[in-house]
2 protein chains.
Amino acid sequence: MDSEIFKRFLEEKGQRLTKERSVILREAFACEGHFDPETLYADMKRRGMKASRASVYRTLSLLCECGLVEKVSKTEHGTIYEQRHGRQHHDHMVCLSCGKVIEFYSEHLEKLQDAICREKNFTGKSHTLEIRGYCGVCASHHDSEGENANDR
Amino acid sequence: MDSEIFKRFLEEKGQRLTKERSVILREAFACEGHFDPETLYADMKRRGMKASRASVYRTLSLLCECGLVEKVSKTEHGTIYEQRHGRQHHDHMVCLSCGKVIEFYSEHLEKLQDAICREKNFTGKSHTLEIRGYCGVCASHHDSEGENANDR
DNA sequence: CTATCCATTGAGATTGAGTCTCAATATATT
DNA sequence: AATATATTGAGACTCAATCTCAATGGATAG
């Protein structure tokens, strides 16, 4: 279980898996996909679970440190994290307007990168591809207007 | 000249190329490479050129709009922009051993990304691809563990 | 030249994400 | 029980970025 991994990680550092940390871990893994700290915090509060904003940020740092969670990117609306345990590699599209993150995976793209690496005599180990632009919803608002398709 | 392009762009919108905007444009193009608004603002001030912080941000928005400049990424320390005029798009390979950065460009890769965007109904505006691994020199020094060029 | 219109500017207020501080509290160890 | 150490949360704080609005300035019509 994820909390076991986290617990072990903490104990190795002489730290503890507290109630608050458990709650935050659960919350982070509940939303299958991406999340940002503020939303996570707000959701938690709404559901009556107690943990301060400070603890949320502190715990997310710890989760990153032990690899269960990863910072994916920064947007106008804050940092986006994603759950990493047991998930397959993929790349991201990030909507510049609403901050939505779309995951995608393309075998073809991966192969092509391998080819480019060979060509440059480079031994690729990992990569990050982020495509920034506008999601379907925001693109339609965006066409007509300038910059005001902003909502949370 | 770049300021000509900017001027034309502004005039089309019924706006003017003011002294402040000129200064900011010049400053942005002076640092060959990347920059962030706060540093640009501070540098400008230090050199005794006058333009408010608000104008810096406003002008950078305009420059992005007309394509002379592009938002490249967001970091802990703010947004990074880069001058786009006359420079070709490229992606990066970063050597984990010696830190060397190799630039590359692949038409095929770009096309493929466009296709993926269409598929996801996403309007791509820009992207960043960073491949991390080992350059030719470092790879040979490295005892090759027979790993393939895969990701995560 | 003068009045008018409207883009532009800048100082400072405001927002919002994220961090830091520190006293109070919880937990483990002896 | 006493001590030591980890943790928490409220709120202060920082910093980038945006917004507000009165003052300015350039262009143009009369």
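Because only heavy atoms are used, hydrogens play no part in the values below, and waters and symmetry mates are left out as well, while side chains stay in. By convention in this document, chain letters (A, B, ...) are assigned in the order of the sequence lines, proteins followed by strands, and residues within each chain are numbered from 1.
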Between Y41(B) and K74(A), just flag the one whose closest nucleotide in DNA chain C comes earlier from the 5' side.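 Checking each residue's closest nucleotide, the 5'-ward one belongs to Y41(B).
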If only atom types and distance count, is the side chain of H90(A) paired as donor or acceptor with the main-chain N or O of Q88(A) below 3.5 Å?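 Answer holds: yes.
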Please check: side-chain N/O of Q83(A) versus main-chain N/O of H85(A), any donor-acceptor pairing under 3.5 Å?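 Yes; judged by distance alone, with no hydrogens or angles, the pair exists.
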Atom [atom1] of [X] and atom [atom2] of [N]: how far apart are they, to the nearest Å?
X: L10(A); N: dA26(C); atom1: CG; atom2: C1'; answer: 16 Å
X: M44(A); N: dT8(D); atom1: CE; atom2: C1'; answer: 12 Å
X: R53(A); N: dA10(D); atom1: CZ; atom2: P; answer: 10 Å
X: E76(A); N: dG18(C); atom1: CD; atom2: C1'; answer: 16 Å
X: K71(A); N: dT19(C); atom1: NZ; atom2: C1'; answer: 11 Å
X: E12(B); N: dA7(C); atom1: CD; atom2: P; answer: 16 Å
X: K13(A); N: dA6(D); atom1: NZ; atom2: P; answer: 11 Å
X: K7(A); N: dT27(C); atom1: NZ; atom2: C1'; answer: 13 Å

For the side chain of [X], starting at C-beta, report the closest nucleotide among [options].
X: S55(B); options: dA11(C), dT8(C), dT9(C); answer: dT9(C)
X: E38(B); options: dA16(D), dA10(D), dA11(C); answer: dA16(D)
X: E20(B); options: dT7(D), dT9(C), dG18(C); answer: dT9(C)
X: K50(A); options: dG10(C), dG9(D), dT7(D); answer: dG9(D)
X: Y57(B); options: dG9(D), dT9(C), dT18(D); answer: dT18(D)
X: R16(B); options: dG18(C), dA11(C), dG26(D); answer: dG26(D)
X: R21(A); options: dG10(C), dG9(D), dT8(D); answer: dT8(D)
X: T18(A); options: dG9(D), dA17(D), dT7(D); answer: dT7(D)

Is the distance from the ring center of H108(B) to that of H108(A) below 6.0 Å?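 Yes, the ring centres sit under 6.0 Å apart.
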Is atom NE2 of H77(B) surrounded by more than 12 heavy atoms (other residues, nucleotides or ligands) closer than 6.0 Å?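 Atom NE2 in H77(B) is not packed in, count stays at 12 or less.
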Should the ring pair F6(A) and F9(A) be called parallel, tilted or perpendicular, given that the plane angle runs from 0 to 90° and is split at 30 and 60?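 Taking F9(A) first and then F6(A), their aromatic rings lie parallel (interplane angle under 30°).
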Taking donor-acceptor contacts at under 3.5 Å, does the side chain of R58(B) reach the base of dG10(C)?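 Present.
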So what does K19(B) touch, heavy atoms closer than 4.0 Å: a base, only the sugar-phosphate, or nothing?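 Touches nothing.
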